Amino acid sequence: MGAAMRRIHVGNALSAFGLGFTVPYLYVYVAQVRGLGAVTAGLVLAVFAVAALVVLPFAGRAIVRRGPLPVLLAALVTAALGALSLGVASGTAAVLLSASALGAGQAVMQPALATMIVDCSSAETRSRAFAMQFFLQNLGLGVGGLIGGHLVDTSDAASFTLLFAIEAAMFLLLVVVMATVRMPRAPRLEQTPGRSDRGSWKQLLGNRAMVQLCVLGFVLFFACYGQFESGLSAYGVEAAGISTSALGTALAANTMMIVVAQFAVLRFVERRRRSRVIAAVGLVWAVAWAVAGYAGLGHGSQAMATAAFVSTYALFGLGEAMLSPTVAPLVADLAPEGMAGQYNSAFALVKQLALAVGPAVGGPLGASLHAPYIVAFLLFSLGVTVLALRLGRQLTEVQDRPWLARSRVVAQGGASSTGQARAHA
């Protein structure tokens, strides 16, 4: 791992650590501590999603034209200002404006950091680099949330101001760390004759494999991440009688599974077809939804229901650990040279759409229509398997089995073979 990649991973950990301080407590902070009510708190959460949807299309263009590092630094400063102002805001307008700045900054960080990983890695190291990123993100979120939970006091607004100040400090520290990164020279849009913004979007939409991957990504995020803190938690409380402490244990089990299993899973998936790994995730998540169905609709004891519900979150974590070294590198391999930023931003946009729609659909369904909720999302998970197998037919051999490119380079022993492999990809 080179010096640039080490700094990028430190940046991922710091940003996740800062987010972990505040994200779990935003609703309580706005609704109760600032006394602005549940409606305003819900609007704040919606503003995060809207801000992301607004800025991500422009972020992709900026990353392609200017490079990921300047865009990341601007996003970090914006997020730091948003966090600081949110910590002292007391009125509805100030809270919403601060949340929009924080949400926009957070949204742009993702594709910028992903593009930096692409630029600083090779086909040989990319899966491990993204696995490390996901590992550190979850570790940072977990540790940040744990420490933040011991610092907050709902009767003391100053304790929340401290949390947001720490989050802002993490972003500003990350500015200092990332400003020292020496990025390798990568082609930019203006260096490619005849390529424009409109043409690049047309090219992306004309890439059938990328379009299918975006559809698959929407279903992935809608059926998993979009349900964690909305539909699935509502289902657990209402149908399975899960206590809030058990819900916290389930979320911890999800993070722990990722932290413990990530690199063991990586060794398993590195030599497997990417499309079949994603298909297997759909099957794992289908089992998870079946276990969740037992937790809420079975007739076992409360202890069995709680154990099943915690196991559901752990199974989701296993699937996430399989996806992290698979999906993000595939997005990078589908992108033409110099276009990784736009492809990463497009995929991040799809993710944000799924995270906006998922809670809106899953929350009411999970709280009231328990059996239809489980059946619907079990079918969505099986749909992931079907879509992944269909995607596999659109991928080249090297895109689906990236180790083939490495094998060819070793076998032929020349730089020309590397170029042929990249062209084939």
Side-chain angles (χ1 to χ4, degrees), residues 1-17 19-20 68 109-144 181 213 216-217 220-221 224-225 228 253-282 284-285 313-335 340 343-344 347-348 351 384 388 391 395 398-406 425:
M1 197 188 302
M5 187 66 80
R6 284 196 294 270
R7 286 177 171 82
I8 292 168
H9 285 321
V10 169
N12 273 305
L14 286 175
S15 63
F17 182 68
L19 291 174
M109 287 180 210
Q110 299 176 36
L113 283 166
T115 305
M116 291 177 73
I117 290 176
V118 172
D119 288 347
C120 292
S121 64
S122 63
E124 186 175 340
T125 61
R126 194 161 293 149
S127 291
R128 287 183 173 270
F130 277 104
M132 176 65 79
Q133 178 200 35
F134 192 66
F135 170 83
L136 291 173
Q137 282 179 341
N138 281 275
L139 187 62
L141 284 169
V143 173
V181 174
L213 180 58
L216 173 59
L220 280 169
F221 292 113
C224 176
Y225 299 91
F228 272 0
N254 175 262
T255 302
M256 185 62 67
M257 173 62 80
I258 292 168
V259 170
V260 171
Q262 181 63 83
F263 294 102
V265 168
L266 177 63
R267 293 174 65 88
F268 173 76
V269 304
E270 271 189 317
R271 291 280 177 171
R272 302 299 190 281
R273 287 181 178 269
R274 285 168 168 169
S275 58
R276 292 181 183 176
V277 170
I278 302 172
V281 170
V284 171
W285 285 356
Y313 275 77
L315 286 169
F316 276 122
L318 177 61
E320 292 173 75
M322 295 167 68
L323 288 177
S324 62
T326 306
V327 174
L330 179 55
V331 173
D333 287 351
L334 289 173
Y343 276 58
N344 283 326
F347 197 75
K351 176 180 178 180
V384 166
L391 173 65
L395 302 177
V398 173
Q399 288 168 348
D400 204 18
R401 297 191 289 176
W403 68 88
L404 289 179
R406 299 195 289 272

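Because the structure is a prediction, the values reported are computed rather than measured. Hydrogens, waters and symmetry mates are skipped; everything else that's a heavy atom, side chains included, is used. Start at 1 with the first residue, then count along the sequence.
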So salt bridge (Lys or Arg N to Asp or Glu O under 4.0 Å) across residues 125-142, not counting sequence neighbours, yields R126-D333, R128-E270
State the [atom1]-[atom2] distance between [X] and [Y], to the nearest 0.5 angstrom.
X    : Y    : atom1 : atom2 : answer
R401 : R274 : CZ    : CZ    : 12.5 Å
N138 : I258 : CG    : CD1   : 4.0 Å
M132 : R6   : CE    : CZ    : 11.5 Å

Sorted by chain and residue number, the ring pair (Phe, Tyr, Trp, His ring centres under 6.0 Å) partners of F316 (sequence neighbours excluded) come out as F228, W285, W289
Sorted by chain and number, sequence neighbours left out, ring pair (Phe, Tyr, Trp, His ring centres under 6.0 Å) with F268 holds for none
So which heavy atom on [X] is nearest to which on [Y], and how close?
X    : Y    : result
S15  : N12  : OG-O, 3.0 Å
H9   : Q133 : CE1-N, 3.8 Å
Y343 : L334 : CE2-O, 3.7 Å
L213 : F347 : O-CE1, 3.6 Å
S324 : Q262 : OG-OE1, 2.9 Å
M5   : A129 : CE-CB, 4.0 Å

- prompt: Does the side chain of F130 come within less than 4.5 Å of V118's, by heavy atoms?
  reply: yes
Less than 4.5 Å apart, any side-chain heavy atom of K351 and any of Q110?
-> yes
Item checked: S275 backbone acceptor or donor facing D400 side chain under 3.5 Å -> yes
Any donor-acceptor pair under 3.5 Å linking the side chain of S127 with the backbone of P325? yes
side-chain hydrogen bond (donor to acceptor under 3.5 Å, both in side chains) filter on T326, not counting sequence neighbours, yields none
Residues at least two apart in sequence or cross-chain that pass side-chain hydrogen bond (donor to acceptor under 3.5 Å, both in side chains) with E320, listed by chain then number, are Y225, N254
Exactly one of L330, V384, V327 clears side chain to side chain contact (heavy atoms under 4.5 Å, CB included) with L216, and that residue is V384
>> A quick test of your reading: do over 12 heavy atoms of other residues, nucleotides or ligands sit less than 6.0 Å from CZ of R272?
In response: yes
Sequence neighbours excluded, the answer for side-chain contact (heavy atoms from CB on, under 4.5 Å) partners of A16 is Q137, L141
